Number of protein chains: 2
Amino acid sequence: MSNKHHPASTRDAIIAAADALFYQQGVASTSFADIAAQVHISRGNFYHHFRSKDEILDAVIALRTDRTRGMLAAWAAEAPDAGARLRRFARMLVQNRDAIQRYGCPVGTLCSELARHAHPARDGAAMILELFRNWLRAQFEALGHGQDADALALHLLVRSQGIAALAHAFHDEDLIHREIALVEDWLDSLHTHS
Amino acid sequence: MSNKHHPASTRDAIIAAADALFYQQGVASTSFADIAAQVHISRGNFYHHFRSKDEILDAVIALRTDRTRGMLAAWAAEAPDAGARLRRFARMLVQNRDAIQRYGCPVGTLCSELARHAHPARDGAAMILELFRNWLRAQFEALGHGQDADALALHLLVRSQGIAALAHAFHDEDLIHREIALVEDWLDSLHTHS
DNA sequence: GTCTATAAGAAGATAGAC
DNA sequence: GTCTATCTTCTTATAGAC
């Protein structure tokens with residue numbers, strides 16, 4: 001499972017390519033041939049590293065989970081207080097606006113696809129969303145909204161997912177700027193209340 | 001295109017079955033065999049009514065467009081004023097909470113799937129979302145928010161799509177109740193301002 | 001560890017009988 | 001208008017040589 005000893009191994013290259021393609025094309029419509037073409041290996045070589053496509057998906061979800069944990073930890077280390085951390089989260093959508101407008105939210109679209117097919121990896125994908133939820137809740141708690149912290153965290157996730165969904169559907173990057181500005185206003189209004 | 005003379009024709013049965021299956025399973029992972037099983041026809045019979053799968057999708061989008069137009073017109077006829085109409089829109093999510101929690105928003109998930117693959121029918125699906133946007137904008141204009149009407153309409157769509165996405169991902173019906181209550185509070189606050 | 005060759009099945013689509 | 005039979009292509013997966 002670890003890639004400590006083989007940082008550039010074929011296995012890791014497969015996971016990295018699958019990670020990108022699953023995001024851009026969806027899991028179901030990404031074939032082994034697609035991944036193989038990117039990694040420059042043959043289709044047969046796949047089954048030396050993974051037993052099935054679902055096993056690749058599991059590895060991709062594990063990768064994204066780790067990456068998300070790392071990102072949230074980095075935000076917590078960079079930003080001095082909870083208010084700044086919440087704003088850092090909001091800025092993520094502006095930062096990734098090009099990819100979001102093209103392919104949607106990586107977490108949201110994966111959860112949507114897996115939830116609709118009651119896929120075994122469904123809960124693993126939802127777990128990534130939960131990581132954000134828990135991290136956001138902790139920031140709202142630090143801001144003094146102990147009682148409503150989880151509701152506020154979910155509300156912020158709702159708006160983020162909605163912004164990504166509409167930016168994707170309308171192919172409209174500018175929508176992200178405008179709606180995130182409203183989110184920042186809302187965060188400011190919470191801060192003054194506490 | 002019209003179904004006036006053949007209300008229960010095979011063609012209409014195909015469209016109705018495809019409409020449901022495209023929603024529940026997605027377009028790409030719904031096969032001719034799936035639809036044929038529901039309609040109780042053979043796979044070959046398909047091509048007497050449609051030349052390709054994309055043509056079925058076009059018919060489904062046309063059906064949904066008509067249905068949406070009818071629903072919005074009915075809401076406008078039922079609700080006395082713009083404020084009541086906006087609340088009627090918000091209630092739609094509560095009303096459809098079971099399906100939304102299972103399969104997501106029918107419009108949002110279709111737009112997301114087609115946008116990611118740059119599908120020819122992409123704009124047709126986004127058009128349904130535009131119908132909601134235009135209808136909502138008209139209500140905000142009637143409420144006296146002429147300048148901001150479109151931004152307010154988009155904001156309401158953002159929250160609706162986000163609510164549907166999270167209810168689907170977390171399999172959480174209750175989230176819809178709580179977030180729609182917040183939407184209603186927001187609508188109330190707009191009314192008193194005007 | 002990587003390859004070629006190939007199986008086994010599902011998909012969209014066609015031809016032609018009835 | 002509906003069917004069966006068939007074609008082609010794509011997909012996942014396996015077997016075995018190197």
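Source: prediction; values computed, not measured. Numbers restart at 1 for each chain; the letters A, B, ... are given by sequence-line order, proteins then strands.
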### Message
Can you measure A:K53 atom NZ to D:dT14 atom C1' for me and round it to whole angstrom units?
### Response
18 Å
### Query
Is it true that A:Y47 and A:F32 have ring centroids separated by less than 6.0 Å?
yes
### Task
Could you note down all residue pairs passing ring-ring contact (aromatic ring centres under 6.0 Å, His included) where residues 52-86 of chain B supplies at least one of them, sequence neighbours left out?
B:W75-B:W135
### Task
Taking Watson-Crick and G-U wobble pairs with both distances under 3.5 Å, convert DNA chain D into its dot-bracket string, 5' to 3', dots for unpaired and | for cross-strand pairs.
|||||||.||||||||||
### Message
Quick check: do B:L154 and A:R178 have side-chain heavy atoms less than 4.5 Å from each other?
### Response
yes
### Message
Using a strict heavy-atom distance below 4.0 Å, which residues from residues 20-29 of chain A are in contact with DNA chain D?
### Response
none
Enumerate donor-acceptor pairs with a distance under 3.5 Å from any side-chain N or O in residues 35-46 of chain A to protein atoms, sequence neighbours excluded.
none

### Message
For a side chain to side chain donor-acceptor pair (under 3.5 Å) check, start with the C-alpha distance between A:Q139 and A:R87, then their side-chain angles and the critical distance, and finish with the verdict.
### Response
CA-CA 11 Å; A:Q139 308 316 318; A:R87 271 177 212 87; over 6 Å; no
### Message
For a 4.5 angstrom cut-off between non-hydrogen side-chain atoms, does A:R88 reach A:M71?
### Response
no
#### Entry: With A:S52 via side chain to side chain contact (heavy atoms under 4.5 Å, CB included) - residues at least two apart
A:D54, A:E55
### Task
Could you list all the ring-ring contact (aromatic ring centres under 6.0 Å, His included) pairs where at least one residue sits in residues 151-181 of chain B, not counting sequence neighbours?
B:H155-B:W186
#### Entry: Distance test, side-chain N/O of A:Y47 to OP1/OP2 of D:dA13, below 4.0 Å
yes
### Message
For DNA chain C, which residues of residues 110-124 of chain A approach it to below 4.0 angstrom with any heavy atom?
### Response
none
### Query
Is the shortest side-chain N/O distance from B:S52 to OP1 or OP2 of C:dG12 below 4.0 Å?
no
### Query
B:C105: what forms a side chain to side chain contact (heavy atoms under 4.5 Å, CB included) with it, not counting sequence neighbours?
B:V107, B:Q161, B:A164
### Query
Applying salt bridge (Lys or Arg N to Asp or Glu O under 4.0 Å), which residue pairs with at least one partner in residues 136-146 of chain B are found, sequence neighbours left out?
B:R137-B:D150
#### Entry: C:dT2 OP1/OP2 closer than 4.0 Å to side-chain N/O of A:H48
no
Could you pull out every donor-acceptor pair under 3.5 Å between side chains of residues 56-66 of chain B and any protein atom, sequence neighbours left out?
residue : atom : partner : partner atom : Å
B:R64   : NE   : B:D19   : OD1          : 2.7
B:R64   : NH1  : B:P106  : O            : 3.4
B:R64   : NH2  : B:D19   : O            : 3.0
B:R64   : NH2  : B:D19   : OD1          : 3.2
B:T65   : OG1  : B:I61   : O            : 2.7

### Query
Looking at residues 30-46 of chain A, who's got a heavy atom less than 4.0 Å off DNA chain D?
A:T30, A:S31, A:F32, A:G44
### Task
Hydrophobic side-chain clustering at under 4.5 Å (ILVMFWY, transitive links): who's grouped with B:Y23? Put none if nobody.
B:Y103
#### Entry: B:E113 side chain vs B:V27 backbone, donor-acceptor pair below 3.5 Å
yes
### Message
What is the distance, to the nearest angstrom, from the CD1 atom on A:I14 to the P atom on C:dG1?
### Response
11 Å
